[in-house]
Amino acid sequence: MLALTDFSSRLIAWQRIHGRHDLPWQNTRDAYRIWLSEIMLQQTQVSTVIPYYARFLDRFPTVTALADAPIDDVMALWAGLGYYSRARNLHRCAQVVAHEHGGAFPQTVDELAELPGIGRSTAAAIASFAFAARATILDGNVKRVLARVFGVAGFPGEKKVESAMWKLAESLLPDAANKDEVTAYTQGLMDLGATLCVRGRPDCARCPFAPDCVANIEGRQRELPAARPKKAVPTRKTWMLVLTDGDSILLQKRPPTGIWGGLWSLPEAADEGALAEVALNLGGAEPLQRLAPLSHTFTHFKLDIEPRLGEARGPAREATDTETVWAPLARIDAYGVPAPVRKLLDALAGSLI
DNA sequence: TAGACGTGGGC
DNA sequence: TGCCCAAGTCT
């Protein structure tokens with residue numbers, strides 16, 4: 001077994017030379033910037049986050065600016081990044097910080113973890129980066145590193161395995177570390193997992209833990225960490241209505257919870273006939289025109305979409321209880337629209353011009 | 001507590 | 001192509 005007292009010092013030394021030091025959210029102690037990056041980086045890769053992060057900071061330079069913004073603006077800026085409860089919680093968190101904490105983030109892990117959208121690992125990341133707190137993260141990178149270096153068996157998503165990893169991660173924290181050491185340690189955990197100890201083909205030759213790593217010594221890099229148990233992915237099918245009025249299309253606000261919660265999307269129905277009825281009620285003329293079907297795969301199900309194109313010919317027959325808006329196709333980016341719907345509308349805009 | 005919750009990249 | 005998963009949290 002690797003000498004535990006050596007883990008943190010070796011990691012810190014490695015991070016200082018070989019780690020990442022120029023990501024957009026590094027080289028600052030600004031809790032707002034660190035928090036924003038950590039929320040965006042939840043289950044999302046660095047390269048995907050970078051442009052979103054830049055746009056958010058540009059539009060919302062401070063937590064107060066974000067708190068004061070309409071939720072629809074936040075959703076529009078978040079659109080395409082996925083996991084939209086993060087955007088709703090981001091906005092709520094900004095309001096709590098602005099109005100209940102005087103605009104300053106609390107500095108302890110426990111207080112941070114009480115805020116919306118901040119769990120145990122994100123709280124530790126913010127506390128260590130912004131306030132040099134001695135707290136461990138446990139994200140996908142750390143789980144992979146720990147599973148390999150220490151030979152931790154079992155799927156890390158399982159409660160029992162995850163609990164063991166939290167304990168292990170806690171035990172590895174450097175003690176009496178100064179601010180820069182805390183930052184280098186936490187960043188080092190992420191950097192090692194993201195740049196060397198990657199899932200596919202880990203670069204063990206450059207790893208500071210190679211001589212002690214269980215996976216490396218036993219040639220079990222592919223087996224650790226244990227894979228998620230396979231599960232069948234169910235398929236759902238939906239019919240979507242692209243109702244046009246000149247250069248505008250009709251969007252409806254989705255309910256705040258569930259898939260694409262709080263985004264603007266197309267009216268939907270469970271079959272062809274039901275969609276025709278939806279179109280009629282919204283003032284659409286018959287018949288509807290078939291568009292190319294598309295398929296979108298989520299983490300837990302596959303969605304087959306049958307889009308239908310219709311033209312508005314009259315006023316809506318009845319008021320819907322769903323918030324509705326006519327959005328100019330050229331201004332669609334002002335609305336938070338799900339990625340596959342956005343692709344559909346972009347293609348349509350191209351063909352209509 | 002296991003399932004819901006997005007999207008795009010890597011292989 | 002299709003499978004796996006990424007700086008997780010919430011319920």
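Naming convention: chains lettered A, B, ... in sequence-line order (proteins, then strands); numbering from 1 in each chain.
In this structure, A/Arg120 is positioned above the aromatic face of A/Trp166, its NZ or CZ under 6.0 Å from the six-membered ring centre and within 45° of the axis. Cation-pi geometry between A/Arg236 and A/Phe301 is met: the NZ or CZ atom falls under 6.0 Å from the ring centre, inside 45° of the normal. Figure legend: A/Arg86 and A/Tyr83 shown without cation-pi pairing, the cationic atom not lying both under 6.0 angstrom from the six-membered ring centre and within 45 degrees of its axis.
A/Ile137 comes within 4.0 angstrom of nothing in the nucleic acid, heavy atoms only. Note on A/Thr122: only backbone sugar-phosphate atoms sit closer than 4.0 angstrom, heavy atoms only; bases stay farther off. Counting any heavy atom pair closer than 4.0 Å across all strands shown, A/Gly193 reaches no nucleic acid atom. Note on A/Ala339: only backbone sugar-phosphate atoms sit closer than 4.0 angstrom, heavy atoms only; bases stay farther off. Residue A/Gly258 is in sugar-phosphate contact alone, with no base atom involved, counting any heavy-atom pair closer than 4.0 Å across all strands shown. A/Trp78 comes within 4.0 angstrom of nothing in the nucleic acid, heavy atoms only.
For A/Arg144 and C/dA6, the shortest distance from a side-chain N or O to OP1 or OP2 is below 4.0 Å. Not one side-chain nitrogen or oxygen of A/His300 sits closer than 4.0 Å to the OP1 or OP2 atom of B/dA4. Under 4.0 angstrom from either OP1 or OP2 of C/dG8 there lies no side-chain N or O belonging to A/Lys143. When the side-chain nitrogen and oxygen atoms of A/Tyr83 are compared with OP1 and OP2 of C/dA6, none of them lie within a distance under 4.0 Å. Considering only side-chain N and O atoms, A/Gln45 lies nowhere under 4.0 angstrom from the phosphate OP1 or OP2 of C/dA6. In this structure, A/Thr297 does not reach the B/dT7 phosphate: none of its side-chain N or O atoms is under 4.0 Å from OP1 or OP2. An OP1 or OP2 oxygen of B/dT7 is reached within less than 4.0 angstrom by a side-chain nitrogen or oxygen of A/Trp260. At B/dG6, none of the side-chain N or O atoms of A/His296 fall inside 4.0 Å of OP1 or OP2 (strictly under the cut-off). Contact check, A/Lys231 against C/dC3: no side-chain N or O comes under 4.0 Å of OP1 or OP2.
Between A/Leu303 atom CG and B/dT7 atom C1' the separation is 14 Å, expressed in whole Å. Across the protein-nucleic acid pair, A/Phe155 atom CZ and B/dG3 atom C1' stand 12 Å apart, rounded to whole Å. Taking atom CZ of residue A/Arg201 and atom C1' of nucleotide B/dG10, one finds them 12 Å apart after rounding to whole Å. Going from atom CH2 of A/Trp35 over to atom P of C/dT9 covers 14 Å, rounded to whole Å. When the C1' atom of C/dT9 is taken as reference, atom CZ of A/Arg120 falls 14 Å away, rounded to whole Å. Across the protein-nucleic acid pair, A/Phe298 atom CZ and B/dG8 atom P stand 11 Å apart, rounded to whole Å. The NZ atom of A/Lys343 sits 15 Å away from the P atom of B/dG6 (whole-angstrom rounding). Going from atom CG of A/Asn89 over to atom P of B/dC5 covers 14 Å, rounded to whole Å.
Scanning atom types as modelled, one donor and one acceptor separated by under 3.5 angstrom connect the side chain of A/Arg20 and the base of C/dA7. Applying the 3.5 Å distance criterion, the base of C/dC4 shares no donor-acceptor pair with the side chain of A/Arg228. Side-chain to base pairing of A/Thr48 with B/dG8: no donor and acceptor N or O lie closer than 3.5 Å to each other.
Remark: aromatic rings of A/Tyr53 and A/Trp25 are close, center separation under 6.0 Å.
A residue-by-residue look at A/Thr299 and A/Leu115 shows that A/Thr299 has its nearest nucleotide of DNA chain C further toward the 5' end. Between A/Glu158 and A/Leu263, it is A/Glu158 whose nearest contact on DNA chain B lies nearer the 5' terminus. Both A/Glu38 and A/Gly117 lie close to DNA chain C; mapped to their nearest nucleotides by heavy-atom distance, the more 5′-ward contact belongs to A/Glu38.
Checking B/dG8, B/dG6, C/dC4 against every side-chain atom of A/Arg199, the shortest atom distance belongs to C/dC4. Across B/dT7, C/dA7, B/dG6, the shortest atom-to-atom separation from the side chain of A/Pro338 is found for B/dT7. Here the side chain of A/Gln187 is nearest to one of C/dA7, B/dT7, B/dC5, namely C/dA7.
The existence of a salt bridge linking A/Asp245 and A/Arg313 is excluded, since no basic side-chain nitrogen approaches an acidic carboxylate oxygen closer than 4.0 Å.
With no hydrogens or angles considered, no side-chain donor-acceptor pair links A/Glu306 and A/Thr238 at under 3.5 Å. Using modelled atom types, one finds a donor on one side chain and an acceptor on the other under 3.5 Å when comparing A/Asp72 with A/Trp264.
Straight-line distance between the C1' atoms of B/dA2 and C/dA7: roughly 23 Å, to the nearest whole Å. C/dG2 and B/dG6 have their P atoms separated by 23 Å, with the value rounded to a whole Å. Taking atom C1' in both C/dG8 and B/dT1, one finds a spacing of 16 Å when rounded to whole Å.
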Next item on the list: Quick one: do A/Phe105 and A/Trp35 satisfy ring-ring contact (aromatic ring centres under 6.0 Å, His included)? Show the steps, please.
Entry: CA-CA 9 Å; A/Phe105 279 82; A/Trp35 162 72; 5.1 Å; yes

